[in-house]
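One structure is given below, encoded as structure tokens.
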2 protein chains.
Amino acid sequence: MARTQGSHSDITGPRIRAAAQELFARHGFAAVSMRQIASHVGLQAGALYNYTSDKQSLLVELMQAHMEDLLTAWAAEPKPGDVMGCLEAFVRFHIRYNLQRSDAVFIAYMELRNLTPDNFRQIEAHRRAYEDQLEGVLKDGVEQGVFDVPDTKIAALAVIAMLNGVLTWYRDSGRLSLVEVETIYWDMVRKAVGV
Amino acid sequence: MARTQGSHSDITGPRIRAAAQELFARHGFAAVSMRQIASHVGLQAGALYNYTSDKQSLLVELMQAHMEDLLTAWAAEPKPGDVMGCLEAFVRFHIRYNLQRSDAVFIAYMELRNLTPDNFRQIEAHRRAYEDQLEGVLKDGVEQGVFDVPDTKIAALAVIAMLNGVLTWYRDSGRLSLVEVETIYWDMVRKAVGV
DNA sequence: GTTTTATCTGAACATTTGTTCAGTTATTCA
DNA sequence: TGAATAACTGAACAAATGTTCAGATAAAAC
């Protein structure tokens with residue numbers, strides 16, 4: 001048999017990407033087979049090739065979509081007029097946004113080595129663009145005398161690394177709410193870069 | 001032919017582990033084959049099984065050795081009498097030690113998902129023991145009124161995550177020396193947890 | 001109601017995988 | 001010198017891999 005019921009093209013594609021994202025995040029790109037992905041969607045492996053040219057493309061598309069969504073979401077985030085408020089907005093946005101798509105974040109950080117050089121450069125450029133957003137806030141703050149860091153680039157990387165750490169331990173069922181976690185990290189970031 | 005010259009058992013073992021560590025760190029455990037490891041040492045794949053029972057054991061032994069070395073090295077580190085000095089010692093030690101074995105650190109953080117449950121628990125216990133070392137310093141500091149953090153456990157995780165970020169960008173040939181990097185991070189950590 | 005098309009199956013392909021093991025050689029021990 | 005052993009080769013194994021494609025079937029178009 002073939003098509004079991006209705007037209008599936010517009011729903012099968014997203015389901016494949018969702019299954020791939022979950023499996024890549026859990027087991028790693030190299031450890032997941034096309035047959036496993038297909039099985040999660042209820043397909044045979046061959047059917048995947050109606051939606052992707054090969055396995056690597058599946059990974060690249062997930063990473064690209066994630067990075068672009070991240071940049072778009074931050075651009076759409078309302079920003080206070082003062083740098084201190086901007087930094088707080090970034091911290092809370094980053095924690096909240098990344099926790100809600102931890103699978104995509106894990107992949108974007110762990111599977112860079114499975115990309116071809118071209119694809120790597122593209123994803124890396126996106127990441128740098130995001131880091132530049134934070135560094136811009138820090139630079140403004142330093143100029144205004146609100147922040148004090150010896151190196152805004154390193155400070156930006158340090159802050160992002162610290163915030164990403166939340167992903168390794170946060171659970172929805174844990175003792176702290178999302179907002180409480182945000183506030184704890186915001187306190188530490190504010191003090192770390194403050195005058 | 002077989003043995004080409006001299007007795008190799010005591011030198012081949014370490015060379016295999018070194019090759020495995022480098023390849024696992026660069027391409028990921030699942031993406032590296034036993035034949036690649038053997039080829040890096042100048043052996044056939046079958047010869048590896050004189051030194052390891054299987055591929056997973058090779059990974060576990062690397063991770064265990066790394067975590068135990070880390071705990072031993074920190075235990076041997078001289079510690080000042082005051083908590084502030086202790087925290088500084090931890091920050092500088094962590095950056096320096098981890099940068100000097102970035103391959104082992106990468107593996108210990110990225111390949112946890114390739115471990116069997118038993119092995120995972122063992123490595124995780126080691127990691128927690130290391131985190132507890134830092135949390136102990138923070139707790140003492142809070143009691144003495146030298147530090148101010150709402151949650152010592154989260155603060156410890158945040159500090160370690162921030163320090164680990166160095167691994168993703170530091171290069172020996174970069175514009176900053178190791179000591180300069182240590183100092184920049186120590187400044188941020190000190191302010192982040194300070195009163 | 002017939003033809004066309006989108007969607008999927010199922011089998012096949014050449015490679016590669018981890019692992020085993022009988023045999024081979026260089027070294028060590030008696 | 002001869003026997004024993006440590007260290008390795010090279011071939012083999014079944015299983016799994018990414019990918020292709022002819023054919024089957026349901027839905028859509030006419």
Side-chain angles (χ1 to χ4, degrees), chain A residues 1-24 26-63 107 111 113-116 118-119, chain B residues 1-24 26-63 107 111 113-116 118-119:
Chain A
M1 69 189 138
R3 255 198 304 201
T4 50
Q5 61 178 22
S7 183
H8 285 162
S9 174
D10 50 348
I11 187 134
T12 303
R15 287 186 64 207
I16 289 174
R17 282 186 286 275
Q21 184 166 70
E22 188 190 323
L23 290 168
F24 288 166
R26 178 138 56 208
H27 305 108
F29 174 75
V32 173
S33 73
M34 296 298 266
R35 283 171 181 80
Q36 286 176 54
I37 299 171
S39 156
H40 259 240
V41 189
L43 294 176
Q44 297 297 315
L48 300 182
Y49 291 85
N50 289 327
Y51 301 90
T52 186
S53 59
D54 53 16
K55 196 188 173 191
Q56 162 110 196
S57 300
L58 209 45
L59 175 64
V60 174
E61 281 159 27
L62 287 175
M63 295 176 83
I107 293 172
E111 306 298 347
R113 58 191 172 189
N114 285 302
L115 296 178
T116 61
D118 273 2
N119 290 330
Chain B
M1 69 188 139
R3 258 198 304 200
T4 50
Q5 62 177 21
S7 182
H8 285 162
S9 174
D10 50 348
I11 188 136
T12 303
R15 286 186 64 206
I16 289 174
R17 282 187 285 277
Q21 180 161 288
E22 188 190 324
L23 290 168
F24 288 166
R26 178 137 57 205
H27 305 109
F29 174 76
V32 174
S33 72
M34 295 298 267
R35 282 171 183 79
Q36 286 176 53
I37 299 171
S39 155
H40 260 239
V41 188
L43 294 176
Q44 297 297 316
L48 300 182
Y49 291 86
N50 289 327
Y51 302 91
T52 186
S53 58
D54 53 14
K55 195 187 173 192
Q56 161 109 196
S57 300
L58 210 46
L59 175 64
V60 174
E61 280 159 27
L62 287 174
M63 296 176 82
I107 293 172
E111 305 299 346
R113 57 190 173 190
N114 286 303
L115 297 178
T116 60
D118 273 3
N119 290 330

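In the text below, chain A, chain B and the rest are named by the order of the sequence lines, each starting its count at 1.
- The side-chain heavy atoms of B/Leu58 and B/Ile37, taken from C-beta on, include a pair separated by under 4.5 Å.
- Here the side chain of A/Gln56 pairs a donor or acceptor atom with the backbone of A/Thr116 at under 3.5 angstrom.
- Comparing C/dT9, C/dT17, D/dA7 against the side chain of B/Asn50 picks out D/dA7 as the nearest.
- Closest to the side chain of B/Met34, from the set C/dC8, D/dT9, C/dG18, is C/dG18.
- The stretch residues 52-61 of chain B touches DNA chain C through B/Asp54, B/Lys55, each having a heavy atom within less than 4.0 Å of the strand.
- Atom OG1 of A/Thr12 is separated from atom CZ of A/Arg17 by 10.5 Å, given to the nearest 0.5 angstrom.
- Counting only heavy atoms from C-beta on, A/Ala47 has its side chain closest to C/dC8 among C/dC8, D/dT19, C/dT19.
- Rounded to whole Å, the distance from CD on A/Gln44 to P on D/dT20 is 17 Å.
- If you measure from atom CZ of A/Phe29 to atom P of D/dG18, you get 8 Å, rounded to the nearest angstrom.
- Rounded to an integer number of Å, the gap from B/Ile16 CD1 to D/dC8 C1' is 11 Å.
- For A/Leu48 and D/dC21, the CG to P distance is 16 Å, given to the nearest whole Å.
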*Apply side-chain contact (heavy atoms from CB on, under 4.5 Å) to A/Asn114 and B/His27, showing your working.*
CA-CA 7 Å; A/Asn114 285 302; B/His27 305 109; over 6 Å; no
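- B/Thr12 has a side-chain polar atom (N or O) that falls below the 4.0 Å cut-off from OP1 or OP2 of D/dC8.
- One finds the CD1 atom of A/Ile16 at 8.5 Å from the OG1 atom of A/Thr52 (value rounded to the nearest 0.5 Å).
- Between the CG atom of B/Leu43 and the P atom of D/dA6 there is a distance of 18 Å, given to the nearest Å.
- The distance from atom CD of B/Gln36 to atom CZ of B/Arg26, rounded to the nearest 0.5 Å, is 10.5 Å.
- As rounded to whole Å, 12 Å separates atom P of C/dT17 from atom CG of B/Leu23.
- Although no hydrogens or angles enter the test, the distance criterion places no donor-acceptor pair under 3.5 Å between the side chain of B/Lys55 and the main chain of B/Ser33.
- Within the 4.0 angstrom heavy-atom criterion, only backbone atoms of the sugar-phosphate kind lie near B/Val32; the bases stay farther away.
- A close approach under 4.0 Å does occur between a side-chain nitrogen or oxygen of A/Ser33 and OP1 or OP2 of D/dT17.
- Atoms OH (A/Tyr49) and P (D/dG18) sit 7 Å apart, rounded to a whole Å.
- With rounding to whole Å, B/Arg35 atom CZ is found 13 Å from D/dG10 atom P.
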